[in-house]
Amino acid sequence: MKTSKSPVTGRQAAAAKRKEKILEAAVACFLENGYHQTGVRHIAKRAGVSLGNLYNHFPGKHDVLVEIAALERAGLEPILTGLAEQAPAPEVFDKFLVSYANFLASVDNVILTIEISSEAIRQPDIGELFLANRNELASALTAVIERGVAAGDFRDDLDPREAALLVIDVVDGCAYRSVLSEIPMRDLLDDAKDFVFAAMRKG
């Protein structure tokens with residue numbers, strides 16, 4: 001038996017729009033001032049809402065990060081879908097390197113990741129939110145590498161899980177270097193791909 005969803009009311013739509021505005025303001029504050037230096041008052045002021053209104057949506061900064069982690073997961077969905085394709089493993093792997101690099105190739109993304117990483121050291125529970133996303137990505141990439149090993153495309157002495165984590169680290173590192181050195185990500189990606197494939201290919 002199918003149940004129909006209740007239509008979204010004008011009040012609900014306004015609340016959702018306000019929540020999105022608060023989230024955008026929080027991200028902007030984190031990027032400009034750093035997560036640790038940003039208070040809820042800064043976020044409320046940037047969003048143009050009262051503190052009470054902000055607390056209706058986010059009881060604290062930690063809850064903002066929960067939402068950002070969910071948004072990151074949504075952003076990774078196309079990449080995870082690509083990793084699930086049943087094309088030859090090297091082809092899927094190559095597409096992953098490009099799509100993940102494009103996902104990271106934003107100054108804002110890199111800065112926000114650094115901010116969150118530094119805060120995760122202080123508060124491990126925050127790190128767990130984003131580590132779950134990374135683990136899901138690593139597991140999907142591990143499955144591709146395992147297919148490549150089974151097909152004889154990748155070295156059979158690889159530890160697929162460790163290889164997947166190292167590959168993700170390589171692309172992450174390229175993103176940081178791209179931002180710090182102002183080198184376009186596409187210029188770094190070709191060398192990164194050559195390096196990764198040389199390390200993984202059989203023979």
Side-chain angles (χ1 to χ4, degrees), residues 1-85 95-96 98-141 143 168 171-172 175-176 178-179 185:
M1 178 177 173
K2 292 183 178 180
T3 57
S4 59
K5 292 184 179 180
S6 301
V8 177
T9 66
R11 179 176 292 182
Q12 289 171 326
K17 187 173 182 179
R18 192 159 48 245
K19 181 179 180 179
E20 182 180 354
K21 188 175 182 181
I22 292 170
L23 187 61
E24 289 174 352
V27 170
C29 288
F30 296 161
L31 290 172
E32 290 177 7
N33 307 312
Y35 175 85
H36 200 59
Q37 289 74 31
T38 295
V40 289
R41 290 183 182 278
H42 298 116
I43 297 171
K45 182 178 180 181
R46 183 69 174 254
V49 301
S50 67
L51 270 178
N53 207 317
L54 184 149
Y55 284 129
N56 283 336
H57 296 284
F58 300 104
K61 286 198 300 179
H62 183 279
D63 301 276
V64 174
L65 286 184
V66 172
E67 191 71 21
I68 291 175
L71 290 174
E72 181 187 71
R73 172 60 180 79
L76 289 172
E77 185 61 36
I79 299 174
L80 293 167
T81 299
L83 286 170
E85 291 180 4
K95 289 181 179 178
F96 162 77
V98 174
S99 60
Y100 187 51
N102 287 337
F103 175 76
L104 295 175
S106 157
V107 173
D108 287 354
N109 274 351
V110 172
I111 294 173
L112 192 59
T113 298
I114 292 172
E115 281 296 327
I116 292 169
S117 298
S118 62
E119 193 59 28
I121 295 172
R122 302 184 186 98
Q123 300 186 55
D125 61 319
I126 288 176
E128 289 175 6
L129 298 172
F130 295 88
L131 189 58
N133 290 341
R134 187 180 184 87
N135 283 337
E136 186 173 3
L137 184 65
S139 293
L141 184 57
I168 292 172
V171 184
D172 286 345
Y176 297 149
S178 174
V179 171
M185 186 68 161

Visitor: Does E136 have any salt bridge (charged side-chain N to carboxylate O under 4.0 Å, His left out) partners at least two apart in sequence or in another chain, and if so, which?
Guide: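 Only R73 meet the salt bridge (charged side-chain N to carboxylate O under 4.0 Å, His left out) criterion with E136.
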
Visitor: Once rounded to the nearest 0.5 Å, what's the spacing between atom CG of L54 and atom NZ of K21?
Guide: 12.0 Å

Visitor: Using every non-hydrogen atom in the two residues, find where F58 and E67 come nearest and quote the distance to one decimal.
Guide: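 Closest approach of F58 to E67: CE2-CB, 3.9 Å.
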
Visitor: To the nearest 0.5 Å, how far apart are CD in E115 and SG in C29?
Guide: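 Reported to 0.5 Å precision, the distance equals 12.0 Å.
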
Visitor: Decide yes or no for K19 and L23: does some side-chain heavy atom of the first lie under 4.5 Å from some side-chain heavy atom of the second?
Guide: no

Visitor: I want to check something: taking the side chain as every heavy atom from C-beta on, are I168 and F96 in contact at a cut-off of under 4.5 Å?
Guide: yes

Visitor: Report the residues that fulfil side chain to side chain contact (heavy atoms under 4.5 Å, CB included) with V171, sequence neighbours left out, ordered by chain and then residue number.
Guide: L97, Y100, A101, L104, M185

Visitor: Say you draw a straight line from CG of N102 to CG of N109; how long is it, rounded to the nearest 0.5 Å?
Guide: 11.5 Å

Visitor: Within the structure provided, determine whether D172 and T113 are in side-chain contact (heavy-atom separation under 4.5 Å).
Guide: no

Visitor: At their closest point, which heavy atom of R46 faces which heavy atom of A25, and how far apart are they?
Guide: CG-CB, 3.6 Å

Visitor: Tell me the closest heavy-atom pair linking L76 and F103, and the distance in Å.
Guide: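 Nearest pair, atom of L76 first, then F103: CD2-CE2, 3.7 Å.
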
Visitor: Before giving the answer on side chain to side chain contact (heavy atoms under 4.5 Å, CB included), spell out for E85 and K95 the whole-Å C-alpha distance, their side-chain angles and the decisive distance to 0.1 Å.
Guide: CA-CA 10 Å; E85 291 180 4; K95 289 181 179 178; 4.1 Å; yes

Visitor: Which heavy-atom pair separates I43 from I22 by the least distance, and what is that distance?
Guide: CG2-O, 3.8 Å

Visitor: Which heavy-atom pair separates L80 from L137 by the least distance, and what is that distance?
Guide: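 Taking L80 first and L137 second, the nearest heavy atoms are CD2-CA, 3.9 Å.
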
Visitor: Compare all side-chain heavy atoms of I68 with those of E72 and state whether any distance is below 4.5 angstrom.
Guide: no

Visitor: L65 and K61: side chain to side chain contact (heavy atoms under 4.5 Å, CB included), yes or no, with the steps?
Guide: CA-CA 7 Å; L65 286 184; K61 286 198 300 179; over 6 Å; no

Visitor: Under 3.5 Å, side chain of D63 to main-chain N/O of G60, donor-acceptor pair present?
Guide: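 Yes.
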
Visitor: With side chain to side chain contact (heavy atoms under 4.5 Å, CB included) as the test, pick out the partner of F30 among I111, D108, T38.
Guide: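 Testing F30 for a side chain to side chain contact (heavy atoms under 4.5 Å, CB included) against I111, D108, T38 leaves exactly one candidate, T38.
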
Visitor: Quick check for you: to the nearest 0.5 Å, what is the distance between R134 atom CZ and S139 atom OG?
Guide: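 It comes to 12.0 Å.
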
